[in-house]
Amino acid sequence: MSVEYYSDRYCGGHCELANPLQWPQLRKKRRLSSARLLRPQPSCRTGAFRQPPIPLIPSLSLLPILFLPKRWKKREEDETMVLVIAVGLPLMLRAQTRHPLEPLTAAEITVAVATVRAAGATPELRDSMRFIEVVLLEPEKHVVALADAYFFPPFQPSLLPRTKGGPMIPSKLPPRQARLVVYNKKSNETSIWIVELSEVHAVTRGGHHRGKVISSKVVPNVQPPMDAVEYAECEAVVKEFPPFREAMKRRGIEDMDLVMVDPWCVGYHSEADAPKRRLAKPLIFCRTESDCPMENGYARPVEGIYVLVDMQNMGVIEFEDRKLVPLPPADPLRNYTPGETRGGVDRSDVKPLHIIQPEGPSFRVDGHFVQWQKWNFRIGFTPREGLVIYSVAYVDGSRGRRPVANRLSFVEMVVPYGDPNAPHYRKNAFDAGEDGLGKNAHSLKKGCDCLGYIKYFDAHFTNFTGGVETIENCVCLHEEDHGILWKRQDWRTGKLVTPLVFIFAQDNGFKFMLQDGKIEAEVRLTGILSLGALQPGEVRKYGTTIAPGLYAPVHQHFFVARMDMAVDCKPGEAHNQVVEVNIKVEEAGDNNVHNNAFYAEEKLLKCELEAMRDCDPLSARHWIIRNTRTVNRTGQLTGYKLVPGSNCLPLAGTEAKFLRRAAFLKHNFWVTPYARDEMYPGGEFPNQNPRVGEGLATWVKQNRSLEETDIVLWYVFGVTHIPRLEDWPVMPVDRIGFMLMPHGFFNCSPAVDVPPSSCDSDIKENGVVTKPIQNGMLAKL
């Protein structure tokens, strides 16, 4: 008998498990000499073989199982309506009950923290441990391929290269491992620990499950990201500092409950900022009403006070009241709370828009594995990056599952300010490396951030003291109507197709997958302006005056997307290259007698130094990632192209201090060969980093070959923000991003098989045309 790995989980609830004892009778009745895997879809009416069988593996415990699709129950006597699967079930050990890429659970984080803490040599050492980050140590790519082939969805042995004599399948996967960044508050040292989450039952400490320390090392001359606990302690210390209270009294403020102290990392401007000390330079703000906690206190910045805080020992080490700048008067437009609480009235003419999907969504979720029409992928989350998408692939008919990317995420965000005056010249936050994009994500609320049928994912991470915190509904998945997919109409016939778009939402970061094979990445910017105070009658050219005595400095927002590509590459293959495409205008002459000719010119980026590129909208510049050994029906190499959106470069001199740590901002586009430890463009620890150009700008100096390898793209995109009065008191959403688009990847449009939307059922009510949502589509406002 031949079998293929499978699980009832794949069916997503559309199949039920029948009594295994029925197998002999069914096999005899239908004269089945072998069984093959059928993958039922909710809409299918008859079975269809999707994959060839693979040889029986003697080392596995085999259990024949019968699946009967629920909608076929009443027609069991019809052979075409019965689905029979023989499933090879290995003896699943505890170490492989979770996919190698599943985010750490709260229990696993607890195990990892307890293991590291128990490894401390003394009680004092254990008590001084502060846990900056506890994340999954992502395994090597071949481990992921093995898991996807035989242990977890998508259950495709074809993911692995064929070997003589059939595949060799281990009985278990390697144990999951956690990677911890630990700060020692007593010694001011930062260390990295690797813990194996083997779930060994410990005899000590109450019998809790414990892991095993694989390695630990101290990383010299670095400072890890700041934590919310430190922020709160810093605020309390500054408020209790007598010279600070005197300085606030000079400004007419004696109630410290009105004062807001926002710690900022110091960056690196001179040796005084070296990481031998853990430092913060807070910004000060002041509310006007102590009994109004929802008041926008950022409308009253306190200028002229200089504070330096030792975050290790939590004390003020430098203080100076340099300049007395009057507090801005209370702006009546400063608040953004509802209705009368901000002194206004909310609109009354907004009608509700209800999004319904009576048949449910088109996507299926198994743990963190997602299938949406022809796309499938895994969802992950880290406290530093936030949303991570793994193993992105497209199921392309007879060509099967075709990989597009191994890993997609935003790895850094930098916000440099353009005002040379204190304290604004020091504002150049690394929001991922100094703080954490994921740790600052918010819980998404149904009806507000997401609409329609939604699948939510929670996120777990450690706090400063090693406890586990959970952001419920941190990531949401849903479908939206994204407008016209394609349209062709003439006087004989016409067709209009409205697509679905698949949305991943995490606070202000979004990724879209469309039915035509595109992947869109979008960042939505909103929030409160970081303001400065003005002297009476003063105007600054480095910002916009938005209220009396109040101005918003000019600044830029930069984001870095890291894309570990795998275009048509199975695990173990490194067959990608990158070409740059520029549009050229043909010179006038015999080849261009009408002076209208232009063409696309391609250039292969052969090495890293050649691949440091910038956007050029005048030449419609874009980049194509191609598979060097796979062709489409015209003989062209298959590929995906990166299409830039609006973009910019840093508006700062080459010697700007923040560019020491952010040299990766000097170009929009970088390419490197995959290296497991090259994850963050500014290095792992950009906080107070004294090393010039650490990270991406240093890695590319190796000038490694890119002609046929495992490609990683780094796309830097940003926006220059000249504040407007309309950005106050809270900025309406602005959008920037880019797109990955198939380029010769398919033999024709992948969207032609999307069924057309029907307009026949339009109903006129009081002169208004309404259209019902077709096939579970979502309306998008």
Side-chain angles (χ1 to χ4, degrees), residues 5-7 9 54 57-61 88-116 118-119 133-161 163 166-181 192-202 208-217 366-369 377-382 388 390-391 403 406-407 460 564 566 569-574 674-679 710:
Y5 256 73
Y6 202 63
S7 167
R9 294 180 297 176
I54 64 171
I57 310 299
S59 63
L60 301 179
S61 300
L89 297 177
L91 298 176
M92 302 290 282
L93 302 182
R94 297 193 66 166
Q96 63 191 60
T97 55
R98 296 181 60 80
H99 189 276
L101 293 178
E102 291 270 310
L104 293 181
T105 64
E108 287 176 318
I109 293 173
T110 301
V111 169
V113 169
T115 302
V116 169
E133 182 180 89
V134 181
V135 297
L136 174 73
L137 178 63
E138 295 176 12
E140 298 285 355
K141 293 181 179 181
H142 74 272
V143 175
V144 177
L146 182 66
D148 289 342
Y150 296 111
F151 293 90
F152 299 92
F155 299 108
Q156 286 198 318
S158 58
L159 291 173
L160 295 178
T163 57
M168 297 298 295
I169 309 174
S171 60
K172 64 177 181 177
L173 295 171
R176 285 158 58 84
Q177 294 182 339
R179 185 178 188 272
L180 298 88
V181 177
I192 296 176
W193 298 67
I194 306 299
V195 172
E196 182 180 285
L197 301 172
S198 52
E199 297 187 306
V200 177
H201 201 71
H208 296 295
H209 289 300
R210 290 260 303 282
K212 174 184 176 183
V213 175
I214 302 299
S215 66
S216 66
K217 65 176 181 179
D366 182 352
H368 286 72
F369 179 70
F377 42 84
R378 288 190 173 275
I379 288 179
F381 190 91
T382 74
V388 181
Y390 302 101
S391 305
N406 290 316
R407 192 182 193 277
H460 308 286
D564 180 0
C569 286
K570 292 183 178 180
E573 296 179 347
Y674 171 79
R676 194 182 183 193
D677 59 344
E678 294 180 1
M679 283 295 298
D710 191 350

Interatomic distance, Y390 atom OH to F369 atom CZ [nearest 0.5 angstrom]: 15.0 Å
Could you pull out all residues at least two apart from E573 that satisfy side chain to side chain donor-acceptor pair (under 3.5 Å)? none
Rounded distance [0.5 Å steps], CD1 in I192 versus CZ in R179: 4.0 Å
Kindly compute the distance separating CG (L146) from CG (L173), expressed to the nearest 0.5 Å. 5.5 Å
Between the CD1 atom in I214 and the CG atom in L197, the distance rounded to the nearest 0.5 Å is 9.5 Å
Is it the case that K141 places NZ or CZ above or below the six-membered ring of Y674, under 6.0 angstrom from the centre and within 45 degrees of the axis? yes
Less than 4.5 Å apart, side chain to side chain, heavy atoms only: is that true for I194 and L137? yes
Side-chain contact test, heavy atoms from C-beta onward, threshold under 4.5 Å: evaluate it for I379 versus V388 and give yes or no. no
Kindly write out the residues that satisfy side-chain contact (heavy atoms from CB on, under 4.5 Å) with S216, not counting sequence neighbours, or none if the list is empty. W193
Working for side chain to side chain contact (heavy atoms under 4.5 Å, CB included), residues S391 and N406: CA-CA 5 Å; S391 305; N406 290 316; 5.8 Å; no
Nearest non-hydrogen partners of D366 and P153, listed with the distance: OD2-CG, 3.4 Å
Could you tell me whether the side chain of P100 reaches within less than 4.5 Å of the side chain of F152, counting heavy atoms only? yes
Which residues satisfy the ring pair (Phe, Tyr, Trp, His ring centres under 6.0 Å) test with H460, sequence neighbours excluded? none
Among all residues two or more places apart in sequence or in another chain, which pass the side-chain contact (heavy atoms from CB on, under 4.5 Å) test with A145? L160, P571
Stepwise, does the salt bridge (Lys or Arg N to Asp or Glu O under 4.0 Å) test hold for R176 with E102? CA-CA 10 Å; R176 285 158 58 84; E102 291 270 310; over 6 Å; no
Looking at E108 and T105, would you say the former's side chain and the latter's main chain have a donor-acceptor pair under 3.5 Å? yes
Answer whether the closest heavy-atom distance between the side chains of T115 and L180 falls below 4.5 Å. no
Check R98 against P103 and note the closest heavy-atom contact, atom names and distance. NH2-O, 3.1 Å
Evaluation steps, side chain to side chain contact (heavy atoms under 4.5 Å, CB included), between V134 and V113: CA-CA 8 Å; V134 181; V113 169; 4.1 Å; yes
Should we count NZ of K212 as having more than 12 external heavy atoms under 6.0 Å? no
Residue pairs, two or more places apart or on separate chains, that pass salt bridge (Lys or Arg N to Asp or Glu O under 4.0 Å) and touch residues 146-159: D148-R378
If the condition is side chain to side chain donor-acceptor pair (under 3.5 Å), which residues does R407 pass it with, not counting sequence neighbours? E138, E385, S409
